[in-house]
Amino acid sequence: MHRLIALVAGGLFGTGLYLSGLTDTTKVQGWLDVFGDWDPTLAFVMGGAILPMALAWALIRARAGRLRPLAGGTFPAPPRPEVDRRLVVGSVLFGLGWGLAGLCPGPAVASLSFGGWQGVVFLGFMVLGMAIAPRLRDRLDRAVPAD
């Protein structure tokens with residue numbers, strides 16, 4: 001049952017990414033080009049994602065211990081509110097990659113079915129980056145302690 005729920009949720013998420021334009025690299029780059037020919041339409045997509053999640057976190061927090069996920073397990077911990085070096089460095093790298101390629105992880109996976117070889121290449125490099133990021137983070141933490 002969990003796999004069926006994951007399949008339906010993943011399909012729904014991918015469909016939403018496609019319909020919203022997040023799998024269209026030129027639309028994403030237009031959204032990120034705030035000093036040029038800016039396309040603000042993706043702001044509605046971002047708001048449509050942030051608002052329900054903020055409400056869900058508030059509901060979970062208000063009913064702590066009394067709500068359980070329908071598919072079992074536990075709810076993930078809410079994100080930490082602190083802005084630290086890891087968040088800033090990660091956000092900058094994510095934004096640079098998103099701006100250069102026009103894709104982030106979710107839309108990259110969603111575009112595999114129609115993105116051609118470029119989507120496969122992007123996904124390969126994204127997986128490589130995810131594999132080496134912990135090692136780079138450890139080196140950065142040793143070289144420049146966060147405290």
Side-chain angles (χ1 to χ4, degrees), residues 1-64 66-141:
M1 186 65 169
H2 290 111
R3 291 180 188 209
L4 179 62
I5 292 171
L7 180 66
V8 170
L12 185 62
F13 182 63
T15 302
L17 293 172
Y18 176 76
L19 292 176
S20 67
L22 278 169
T23 56
D24 180 352
T25 56
T26 56
K27 187 169 186 72
V28 170
Q29 288 168 334
W31 156 253
L32 296 172
D33 188 10
V34 292
F35 299 113
D37 192 19
W38 187 49
D39 177 5
T41 55
L42 287 182
F44 295 105
V45 177
M46 303 297 176
I50 291 170
L51 181 63
M53 198 64 224
L55 293 174
W57 285 123
L59 180 65
I60 292 168
R61 197 173 305 121
R63 296 184 175 214
R66 291 180 284 163
L67 284 178
R68 294 177 18 168
L70 293 176
T74 58
F75 289 110
R80 297 179 334 177
E82 306 94 43
V83 176
D84 59 9
R85 187 191 69 204
R86 284 184 169 191
L87 178 64
V88 171
V89 170
S91 299
V92 167
L93 291 174
F94 181 89
L96 286 172
W98 198 27
L100 288 171
L103 288 172
C104 62
V109 172
S111 66
L112 276 179
S113 63
F114 61 86
W117 64 269
Q118 296 95 338
V120 175
V121 170
F122 177 84
L123 190 70
F125 278 104
M126 184 182 77
V127 170
L128 179 66
M130 293 167 75
I132 64 172
R135 292 184 182 99
L136 292 176
R137 186 179 54 225
D138 290 344
R139 288 181 132 201
L140 180 63
D141 285 344

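Numbers here are sequence positions counted from 1. When reading the values below, keep in mind they use all heavy atoms of this one structure, side chains included, and skip hydrogens, waters and symmetry mates.
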Quick one: salt bridge (Lys or Arg N to Asp or Glu O under 4.0 Å) pairs with a partner in [range], sequence neighbours left out?
| range | result |
| --- | --- |
| residues 86-109 | R86-D141 |
| residues 87-97 | none |
| residues 102-124 | none |

### Query
If only atom types and distance count, is the side chain of W31 paired as donor or acceptor with the main-chain N or O of A43 below 3.5 Å?
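A pair under 3.5 Å: no.
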### Task
Walk me through it: do L136 and L140 pass the test side-chain contact (heavy atoms from CB on, under 4.5 Å)?
CA-CA 6 Å; L136 292 176; L140 180 63; over 6 Å; no
### Task
Under the salt bridge (Lys or Arg N to Asp or Glu O under 4.0 Å) rule, collect the residues that match up with D37, sequence neighbours excluded.
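D37 satisfies salt bridge (Lys or Arg N to Asp or Glu O under 4.0 Å) with no other residue.
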#### Entry: Set of residues satisfying salt bridge (Lys or Arg N to Asp or Glu O under 4.0 Å) with respect to R139, sequence neighbours excluded
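Checked R139 against salt bridge (Lys or Arg N to Asp or Glu O under 4.0 Å); zero matches.
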### Message
With a sphere of 6.0 Å drawn around CZ of F75, does it hold more than 12 non-hydrogen atoms of other residues, nucleotides or ligands?
### Response
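Yes, because the 6.0 Å sphere around CZ of F75 holds more than 12 heavy atoms from other groups.
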### Query
How about R137: does its CZ atom have over 12 heavy atoms from other parts shown lying under 6.0 Å from it?
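Yes, CZ of R137 has more than 12 neighbouring heavy atoms, counting only those of other groups under 6.0 Å.
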### Message
Under the criterion side-chain contact (heavy atoms from CB on, under 4.5 Å), I'd like the reasoning laid out for Q29 against L100: C-alpha separation, chi angles, the key distance, then a yes or no.
### Response
CA-CA 8 Å; Q29 288 168 334; L100 288 171; 6.0 Å; no
### Task
Please examine the side chains of F94 and P105, heavy atoms only from C-beta on, and report whether any two atoms are closer than 4.5 Å.
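Counting from C-beta outward, P105 and F94 do come under 4.5 Å.
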### Query
Would you say M126 and L103 make side-chain contact, with heavy atoms under 4.5 Å?
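The answer is no, as the side chains (C-beta and beyond) never meet within the 4.5 Å cut-off.
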### Task
Please report the closest heavy-atom contact between V28 and L42, naming both atoms and the distance.
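Where V28 meets L42 most closely, the heavy atoms are CA-CD1, 3.9 Å.
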### Task
Considering non-hydrogen atoms only, spot the tightest contact between G99 and L32 and give its length.
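Minimum heavy-atom separation between G99 and L32: CA-CD1, 3.5 Å.
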Could you list the donor-acceptor pairs under 3.5 angstrom formed between side-chain atoms of residues 13-24 and any protein atom two or more places apart in sequence or on another chain?
from: T15; atom 1: OG1; to: G11; atom 2: O; distance (Å): 2.8
from: S20; atom 1: OG; to: G16; atom 2: O; distance (Å): 2.9
from: S20; atom 1: OG; to: L17; atom 2: O; distance (Å): 3.0
from: D24; atom 1: OD1; to: T26; atom 2: N; distance (Å): 3.1
from: D24; atom 1: OD1; to: T26; atom 2: OG1; distance (Å): 2.7

### Task
Calculate, to the nearest 0.5 Å, the distance between atoms CZ and CD1 belonging to R68 and I60 respectively.
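R68 CZ to I60 CD1: 13.5 Å, rounded to 0.5 Å.
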### Query
Between L87 and E82, does a side-chain contact (heavy atoms from CB on, under 4.5 Å) hold up when you go through it step by step?
CA-CA 9 Å; L87 178 64; E82 306 94 43; over 6 Å; no
